[in-house]
There are 2 protein chains.
Amino acid sequence: MRILAERADIIPQLAEVFRTFGYEGTSLSRITERTGLGKGSLYHFFPGGKEEMASAVLADIDDWFEREVFTPLLRETPENGLAGMWKAVRCYFQSGGRICLVGAFALDGTRDRFAAGIAGYFGRWTGALTTTLVRAGWTDRAAEDAARDAVLGIQGALVLARAMNDPALFSGAVDRLEARLRQPAPSR
Amino acid sequence: MRILAERADIIPQLAEVFRTFGYEGTSLSRITERTGLGKGSLYHFFPGGKEEMASAVLADIDDWFEREVFTPLLRETPENGLAGMWKAVRCYFQSGGRICLVGAFALDGTRDRFAAGIAGYFGRWTGALTTTLVRAGWTDRAAEDAARDAVLGIQGALVLARAMNDPALFSGAVDRLEARLRQPAPSR
DNA sequence: GTCTATACAGTGATAGAC
DNA sequence: GTCTATCACTGTATAGAC
């Protein structure tokens with residue numbers, strides 16, 4: 001058993017704080033409160049301070065999606081890749097109870113601080129999804145539009161579910177998004 | 001000509017500051033910088049400080065949508081109401097160059113501060129849109145789902161457009177959302 | 001109505017003891 | 001690796017002169 005913390009142990013807790021309060025709303029004291037670690041320990045792991053903490057969280061999210069969503073999308077059959085994506089999305093966002101930190105960061109001045117990471121995350125997601133749909137028989141143009149609509153639909157569903165304080169709204173929207181991607185030959 | 005400011009004159013400037021930096025990222029000094037008004041004047045108009053300023057901005061946005069979108073949706077023919085909504089949406093969000101402050105506030109701890117206003121805005125929007133679609137011949141269930149999908153699609157398009165720094169992405173998505181609402185008899 | 005001056009808590013960050 | 005003490009600074013908010 002280990003008592004001393006490791007950097008990797010802290011990141012999920014950091015993520016939760018940033019998700020709750022946003023980048024600007026997250027203070028070191030709130031982080032200390034949640035993690036139980038003093039500023040000394042925090043700055044030991046993240047010499048760059050709050051910005052490095054948020055950056056590490058973003059990288060961690062990126063890794064998770066790369067491993068659980070983007071890679072399966074490209075490596076497995078389109079059906080399996082898509083089924084895995086929707087399952088992962090439902091799980092990760094806890095059926096609408098958890099927001100997308102990358103999307104939240106994108107909406108205010110925080111975006112400029114992490115522009116590359118944010119654009120990369122969404123770019124790789126829509127890219128992998130487009131490729132998958134093309135492999136499933138969609139035309140390039142229809143696949144690109146549908147991929148964007150799916151990703152943006154997930155983000156919008158998170159916004160609306162939180163705004164209305166109704167997580168079930170997310171689940172319903174995701175069901176419809178999934179169904180829309182399942183029709184093999186796009187009629188639009 | 002009037003030199004002294006009025007409360008109503010300041011609100012659009014306040015809105016822009018909040019949109020740029022988010023609620024937590026907006027400081028009185030940034031507001032002073034943008035409006036040219038000292039703290040004395042600011043607190044003269046908004047005794048409740050920053051929270052009252054944001055509240056006034058939210059109420060102003062609400063009024064605008066009520067007047068330009070929700071009421072026309074309910075008062076005019078479904079076709080005219082819908083056409084007006086899409087035109088207003090494109091105009092208001094400046095083809096993807098401007099985010100939705102209500103949606104942005106919904107994503108972090110700011111939501112709890114303005115929960116009623118945020119839920120009311122989205123509730124009246126999806127409500128008016130649902131009613132309009134029912135009047136246009138949709139079934140209740142299909143109308144409600146489609147209304148939510150449209151509103152959530154707009155929010156998601158704003159997130160994705162800003163994340164990818166590509167306003168055109170918003171315009172394309174809105175075109176598809178509009179087209180999806182135009183099919184008179186929902187096949188889904 | 002607008003300004004300046006000011007109060008004071010909280011901010012991110014650093015240094016150094018252990 | 002973790003803590004406490006402390007730093008300079010900015011945050012919101014108030015008081016009062018004009």
Side-chain angles (χ1 to χ4, degrees), chain A residues 1-60 101 104-105 108-114 117, chain B residues 1-58 60 101 104-105 108-114:
Chain A
M1 171 182 170
R2 182 197 355 255
I3 294 186
L4 302 182
E6 277 191 35
R7 207 181 114 114
D9 299 332
I10 313 169
I11 292 182
Q13 300 175 299
L14 288 176
E16 209 172 331
V17 184
F18 281 118
R19 250 187 282 265
T20 305
F21 302 106
Y23 182 78
E24 296 290 349
T26 294
S27 63
L28 273 316
S29 66
R30 285 210 237 244
I31 295 176
T32 291
E33 188 182 355
R34 181 73 66 117
T35 60
L37 260 43
K39 296 180 209 240
S41 305
L42 258 10
Y43 275 88
H44 170 72
F45 291 119
F46 307 95
K50 193 167 88 160
E51 178 154 359
E52 188 176 340
M53 298 180 209
S55 199
V57 167
L58 248 22
D60 188 61
L101 190 63
F105 277 8
D108 60 28
T110 309
R111 181 198 58 173
D112 301 330
R113 216 184 274 266
F114 307 106
Chain B
M1 169 181 170
R2 182 197 359 251
I3 294 189
L4 302 182
E6 277 191 36
R7 207 182 115 115
D9 299 333
I10 313 169
I11 291 182
Q13 299 175 300
L14 288 177
E16 209 172 329
V17 183
F18 281 117
R19 250 187 283 267
T20 306
F21 301 106
Y23 182 78
E24 294 291 349
T26 295
S27 62
L28 273 314
S29 67
R30 286 210 237 245
I31 294 176
T32 291
E33 187 183 357
R34 180 74 65 116
T35 60
L37 260 42
K39 296 176 209 249
S41 306
L42 258 10
Y43 275 88
H44 170 72
F45 290 120
F46 307 93
K50 194 168 88 160
E51 178 153 359
E52 187 176 341
M53 298 182 208
S55 198
V57 168
L58 249 22
D60 188 61
L101 190 62
F105 277 9
D108 60 28
T110 309
R111 180 198 58 170
D112 301 329
R113 217 184 272 266
F114 307 106

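Values below: every heavy atom of this structure, side chains too, minus hydrogens, waters and symmetry copies.
An OP1 or OP2 oxygen of dA13(C) is reached within less than 4.0 angstrom by no side-chain nitrogen or oxygen of K39(A). A sub-4.0 Å separation between OP1 or OP2 of dT11(C) and a side-chain N or O of S27(A) is present. Between S29(B) and dT10(D) there is no side-chain polar atom (N or O) within less than 4.0 angstrom of OP1 or OP2. OP1 or OP2 of dG1(D) has at least one side-chain nitrogen or oxygen of H44(A) nearer than 4.0 Å.
Remark: P of dT2(C) and CG of D9(B) are 10 Å apart, rounded to the nearest angstrom. In this structure, L42(B) atom CG and dA15(D) atom P are separated by 17 Å, rounded to whole Å. The distance between atom CZ of F46(A) and atom C1' of dT14(C), rounded to the nearest whole Å, is 18 Å. In this entry the distance linking NZ of K50(B) with C1' of dG10(C) reads 13 Å, nearest Å. Put simply, CD on E52(B) is 10 Å from P on dA13(D), counting in whole angstrom units. The interatomic distance linking M53(A) (CE) with dA13(C) (P) rounds to 7 Å, in whole Å. Atom P of nucleotide dT2(C) and atom CZ of R7(B) are separated by 14 Å, given to the nearest angstrom. Atom CZ in F21(A) sits about 15 Å away from atom P in dG10(C), given to the nearest Å.
A pairwise comparison of heavy atoms in R7(B) and A56(B) identifies NH2-CB, 3.6 Å as the closest pair. For the pair A54(A) and F105(A), the tightest heavy-atom approach, listed with the atom from each and the gap, is CB-CE2, 4.3 Å.
Each of G36(A) and G49(B) has a nearest nucleotide on DNA chain D; the 5'-most of these lies closest to G36(A). Taking for each of R30(A) and G40(A) the nucleotide of DNA chain C with the nearest heavy atom, the 5'-most of the two is the partner of R30(A).
Nucleic acid contact class of T35(B) (heavy atoms, under 4.0 Å, all strands): none. Contact annotation for T26(B): backbone-only contact, meaning every heavy-atom pair under 4.0 Å involves sugar-phosphate atoms and none involves a base.
Closest to the side chain of Y43(A), out of dT12(D), dC3(D), dT14(C), is dT14(C). With dG11(D), dC3(C), dC3(D) as the candidates, the nucleotide lying closest to the side chain of S41(A) is dC3(D). Side-chain proximity of L28(A) to the nucleotides dT2(C), dT2(D), dG12(C) is greatest for dG12(C).
The side-chain heavy atoms of F45(A) and M53(A), taken from C-beta on, include no pair separated by under 4.5 Å.
Judged by distance alone, the side chain of K50(B) and the main-chain N or O of Y23(B) form a donor-acceptor pair under 3.5 Å. At distances below 3.5 Å, not a single donor-acceptor pair connects side-chain atoms of S55(B) with backbone N or O atoms of E51(B).
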